[in-house]
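The structure under discussion appears below in the form of structure tokens.
Here, residue 1 is the first one in the sequence, and each next residue gets the next number.
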Amino acid sequence: MRQTMNENWKFVKYAENMSEAVGAAGEYVDLPHTWNAADGQDGGNDYYRGICWYVKELGNIVKSGDEEIYLEIPGAAMIGEVYLNGEKLYRHEGGYSLFRVNLTEKLQEKNVIAVSVDNRDNTVCYPQKADFTFYGGLYRGVNLLRVPREHFALDYCGTPGIKVTAETDPETKTARTVVEVWTAGAPKTVTISVTGQADKVAAVTENYAKAIFEMEDVRLWDGLNDPYLYEAKAVMENGETVQARFGCRKFEIDPQKGFLLNGRSYPLRGVSRHQDMAGVGNALTIEDHRRDMEIIREIGANTLRLAHYQHAQEFYDLCDENGLVVWAEIPYITMHMKDGRANTLSQMEELVVQNYNHPCICCWGLSNEITAASAVNEDLLENHRQLNELCHRLDPTRPTTMANVFMLEIDSPILEIPDVNSYNLYFGWYLGDLEQNEEFFDEYHEKYPNRAIGFSEYGADANPQYQSASPEKGDYTESYQAVYHEHMLNMIEERPWLWATHVWNMFDFAADGRDEGGKHGENQKGLVTMDRKLKKDAFYLYKAAWNREDAFVHLCGKRYADRTENVTEIKVYSNQPEVTLFVDGRKYETKTGRTVFAFHLPISGEHQIEARYGEVSDVMEIRKVEEENPAYRMKKEKTVSNWFDADSYDESCYSVFDKFSELQKNPEAAAVMMRLMEQGAKSRGDVAESVTGNPALIRMMGRMTVESLLNQAGADEENIKQVNRILQGIKKA
């Protein structure tokens with residue numbers, strides 16, 4: 001029996017030890033709870049990272065002689081220690097996986113539970129360097145479990161106690177389904193059943209039992225089309241029961257054909273998700289998870305990359321039920337730690353063991369951008385080899401993958417370790433041009449035709465307040481984000497061999513180290529704002545491309561009401577084949593096409609614009625103005641110090657028109673550029689700061705001029721002039 005214990009915990013933010021925490025007055029809270037809901041989202045990179053305490057008086061737990069009592073904690077971020085009546089019983093390192101503590105032998109007439117939770121910086125527990133807030137807390141609640149002495153296993157890696165493997169042949173619609181169970185207390189037999197099959201009584205040997213079911217005419221788990229779920233159940237003679245849902249499906253990944261579901265082409269096209277929201281941090285309720293799923297279903301995605309850690313079981317369940325194909329991964333991210341190998345292995349073991357039965361999961365992610373701030377050395381490679389071997393030993397049915405940072409050379413030996421690979425590319429946002437995304441993947445696919453490659457991250461930050469008729473890379477406008485994703489959508493659709501593509505990100509999320517684009521503490525690459533209240537224009541682009549069920553038209557630029565141009569572009573996204581534009585109630589023009597419909601309209605005064613197809617329509621109002629609305633542009637800091645007075649150009653000296661690689665040859669000029677990189681990285685958080693010296697990044701920047709790099713970083717004209725004056729003071733050799 002599982003009993004929730006989420007009400008009335010005493011939260012103590014500062015205490016030297018367990019005794020002090022138990023005796024402190026504290027603040028009473030209900031779970032789920034994080035202490036970083038506010039300061040983890042407001043910028044400054046100063047959110048509280050320390051040890052906090054949760055204390056609860058359980059009183060007398062009445063139990064029969066053969067009962068066992070467990071405390072179950074689905075998530076304690078990042079390191080949790082459990083005390084009962086002053087005695088430490090358990091320590092768990094890893095903030096995203098479930099663990100249990102057997103309390104049975106330590107219970108007294110009166111009982112006090114104290115849980116310390118630690119999200120401090122350390123060198124052994126991942127994550128430690130990443131572009132998101134490391135919330136601390138008991139953010140998924142707490143349960144008390146009562147089980148008889150003979151019960152299904154609870155002690156190994158948060159196991160569900162049951163494992164279901166359905167080897168499915170989609171052509172014959174048959175499945176060989178193996179149900180395995182692990183027990184405690186040495187029962188003699190268990191009765192195992194599967195939906196629609198005759199029950200089987202299995203003998204228990206050394207606390208293990210198994211039954212095999214040859215299933216015919218199976219109903220396939222078929223992604224969005226029909227995510228049908230079966231149930232396996234095991235029952236002991238004492239009535240103790242464990243069950244798991246599963247799906248009969250077949251996943252394949254082919255270097256040329258991409259992803260296949262049940263033997264047919266099924267390109268995975270979707271988004272990534274972080275588990276946090278504005279105002280509540282990562283302390284999400286089931287209602288929050290369901291709302292996220294509704295938005296993901298609306299956009300029409302068929303895959304999710306659940307980054308960068310194990311997510312809540314409730315959300316994996318929703319993915320099973322809704323037919324989303326999932327990439328699941330551990331928080332082995334950005335920076336390899338020489339003392340962290342054991343933690344990567346334990347977090348991976350928990351991820352696989354706890355989530356094996358979910359039919360939605362297609363692969364296990366070994367790491368994310370791990371070479372961004374770490375060299376590809378033998379220690380890093382061996383860590384990945386051990387993770388890869390562990391995944392294959394625990395789960396021979398699923399491939400392993402990695403999300404590789406864009407600076408990683410495509411001939412790196414680390415790419416040979418996982419079964420399939422993906423890359424995180426940000427050409428057209430952080431640096432470079434949009435076309436370099438095509439160039440990168442085409443080069444990779446041509447050089448390695450027998451390797452499957454995917455697109456695990458791509459995106460551009462957008463503050464919906466910022467708008468432009470001529471959007472540019474780095475301006476943080478909603479307008480540029482839309483243009484960026486139009487390009488990326490076309491690029492992806494032309495390359496069906498990309499086995500999976502994931503927009504970064506479905507929702508804006510907290511990254512307390514960021515201070516950019518008019519927001520503090522947020523990564524704004526989401527297609528939806530962090531509070532889930534506003535869907536950016538780019539959201540509707542993907543809805544038009546992926547959601548073929550819900551007819552709609554969407555007018556872009558609703559927040560761009562004040563327009564200075566004489567002829568303005570009116571852009572419409574729709575999943576319909578034709579769109580008609582009406583201006584001030586009169587038909588203006590009809591266009592046929594797919595996904596994106598662009599109209600060019602002379603304007604004067606105020607206008608009501610309507611886009612229509614059949615019964616669906618969308619309306620907005622715009623007005624012609626003489627001066628640009630200053631609220632539509634990001635405010636740029638002006639430089640106050642001027643090291644050089646002259647703006648004259650001396651070709652014998654360096655300038656902003658020189659390529660970055662040329663400046664690297666001169667120690668003085670290289671030092672100037674390194675300082676600029678470090679200053680620019682500060683606004684983008686810890687990860688950006690940690691990668692500034694990455695040799696591959698330096699090489700990639702080498703072919704760009706200093707002027708283009710500064711423009712892309714959002715520098716204003718005066719700032720660029722100042723840099724030019726500095727460089728003009730350095731003679732070329």
Side-chain angles (χ1 to χ4, degrees), residues 251-261 263-270 272 302-303 305 325 327 362-363 365-372 376 380-381 384 388 399-460 473 484-504 545 659-661 694-704 708:
F251 293 155
E252 298 170 276
I253 301 174
D254 184 270
Q256 299 300 326
K257 298 177 183 178
F259 190 83
L260 294 92
L261 171 62
R264 74 179 189 282
S265 176
Y266 192 79
L268 295 183
R269 302 295 180 253
S272 300
N302 65 7
T303 181
R305 181 177 173 216
V325 177
W327 167 323
C362 73
C363 61
L366 304 182
S367 63
N368 175 75
E369 296 189 350
I370 198 62
T371 61
V376 181
L380 179 73
L381 293 171
H384 282 79
N388 196 55
T400 56
T401 189
M402 287 175 59
N404 296 291
V405 69
F406 68 95
M407 294 98 76
L408 182 70
E409 304 291 355
I410 64 175
D411 59 355
S412 173
I414 200 169
L415 295 168
E416 300 174 8
I417 295 175
D419 299 308
V420 297
N421 271 290
S422 275
Y423 261 86
N424 301 349
L425 301 185
Y426 288 97
F427 296 119
W429 181 243
Y430 287 130
L431 82 167
D433 300 316
L434 283 165
E435 291 74 15
Q436 288 178 252
N437 295 286
E438 288 96 307
E439 294 170 9
F440 177 92
F441 281 121
D442 289 345
E443 178 187 355
Y444 188 101
H445 190 54
E446 182 178 357
K447 188 171 183 178
Y448 300 107
N450 296 320
R451 288 187 188 175
I453 187 66
F455 201 178
S456 38
E457 283 186 28
Y458 65 99
K473 175 176 56 183
Y484 170 95
H485 281 292
E486 288 173 20
H487 180 97
M488 303 305 282
L489 179 62
N490 288 333
M491 187 277 288
I492 289 167
E493 289 182 341
E494 292 170 358
R495 290 161 180 80
W497 38 265
L498 290 170
W499 72 268
T501 65
H502 297 95
V503 175
W504 190 259
K659 290 184 178 180
F660 186 82
S661 57
N694 186 296
L697 176 61
I698 300 296
R699 287 195 298 273
M700 295 179 77
M701 294 169 62
R703 60 180 175 178
M704 301 177 67
S708 65

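Across Tyr266, Phe259, Trp499, a single residue satisfies ring pair (Phe, Tyr, Trp, His ring centres under 6.0 Å) together with Phe251, and that is Phe259. No option in Phe440, Trp497, Tyr448 other than Trp497 meets the side chain to side chain contact (heavy atoms under 4.5 Å, CB included) test with Ile453.
Taking CE of Met402 as the reference point, atom CD1 of Ile414 lies at 3.5 Å (rounded to 0.5 Å). Distance check: His445 NE2 to Leu498 CG gives 8.5 Å after rounding to the nearest 0.5 Å. The CG atom of Leu380 lies 7.5 Å from the OG1 atom of Thr371; values are rounded to the nearest 0.5 Å. Rounded to the nearest 0.5 angstrom, Phe441 CZ and Tyr423 OH are separated by 9.5 Å. Rounding to the nearest 0.5 Å places OG1 of Thr401 at 10.0 Å from CG of Asn388. Between atom CG of residue Leu408 and atom CD1 of residue Ile370 there is a gap of 11.5 Å, rounded to the nearest 0.5 Å.
A donor-acceptor pair under 3.5 Å is absent between the side-chain atoms of Arg451 and the main chain of Asn421, judged by distance alone. For the pair Asn490 (side chain) and His487 (backbone), a donor-acceptor distance under 3.5 Å is absent. Using a distance-only test at 3.5 Å, with no hydrogens or angles considered, a donor-acceptor pair links the side chain of Asn302 to the main chain of Pro267. Side chain of Thr400 to backbone of Pro418: no donor-acceptor contact under 3.5 angstrom is found. Not a single donor-acceptor pair under 3.5 Å links the side chain of Gln436 to the backbone N or O of Gly428. A distance-only check finds no donor-acceptor pair linking the side chain of Lys473 to the backbone of Phe427 [under 3.5 Å]. Judged by distance alone, with hydrogens and angles left aside, the side-chain atoms of Tyr426 form no donor-acceptor pair with the main-chain N or O of Gly459 at under 3.5 Å. Between the side chain of Thr303 and the backbone N or O of Gly270, no donor-acceptor pair lies under 3.5 Å.
For the pair Met488/Leu434, a side-chain contact is recorded, criterion being any heavy-atom separation below 4.5 Å from C-beta on. Inter-residue side-chain proximity for Lys257 and Glu252 is flagged as unmet; no heavy-atom pair is nearer than 4.5 Å. Contact of the Tyr458 side chain with the Asn424 side chain is not registered, since no non-hydrogen atoms from C-beta on lie closer than 4.5 Å.
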For this session: Any chance you could lay out the side-chain contact (heavy atoms from CB on, under 4.5 Å) test for Asp419 and Ile253, step after step, and finish with the verdict?
Result: CA-CA 10 Å; Asp419 299 308; Ile253 301 174; over 6 Å; no
For this session: Kindly determine whether Asn368 and Arg305 satisfy side-chain contact (heavy atoms from CB on, under 4.5 Å), including the steps that lead there.
Result: CA-CA 12 Å; Asn368 175 75; Arg305 181 177 173 216; 2.7 Å; yes
For this session: Take Glu369 and Met407 through the side-chain contact (heavy atoms from CB on, under 4.5 Å) test and state the conclusion after the steps.
Result: CA-CA 9 Å; Glu369 296 189 350; Met407 294 98 76; over 6 Å; no
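Atom CD of Gln256 sits in a crowded spot, with more than 12 heavy atoms from other residues, nucleotides or ligands closer than 6.0 Å.
With sequence neighbours excluded, the residues forming a salt bridge (charged side-chain N to carboxylate O under 4.0 Å, His left out) with Asp442 are Arg495, listed by chain and number. Applying the salt bridge (charged side-chain N to carboxylate O under 4.0 Å, His left out) test to Glu493 and every residue at least two apart in sequence or in another chain returns Arg594.
Smallest separation of non-hydrogen atoms from Ala545 and Leu489: CB-CD2, 3.6 Å. Closest of all the heavy-atom pairs between Pro449 and Pro255 is O-CB, 3.2 Å. Pairing each heavy atom of Ser422 with each of Ala500, the nearest pair is OG-O, 4.5 Å.
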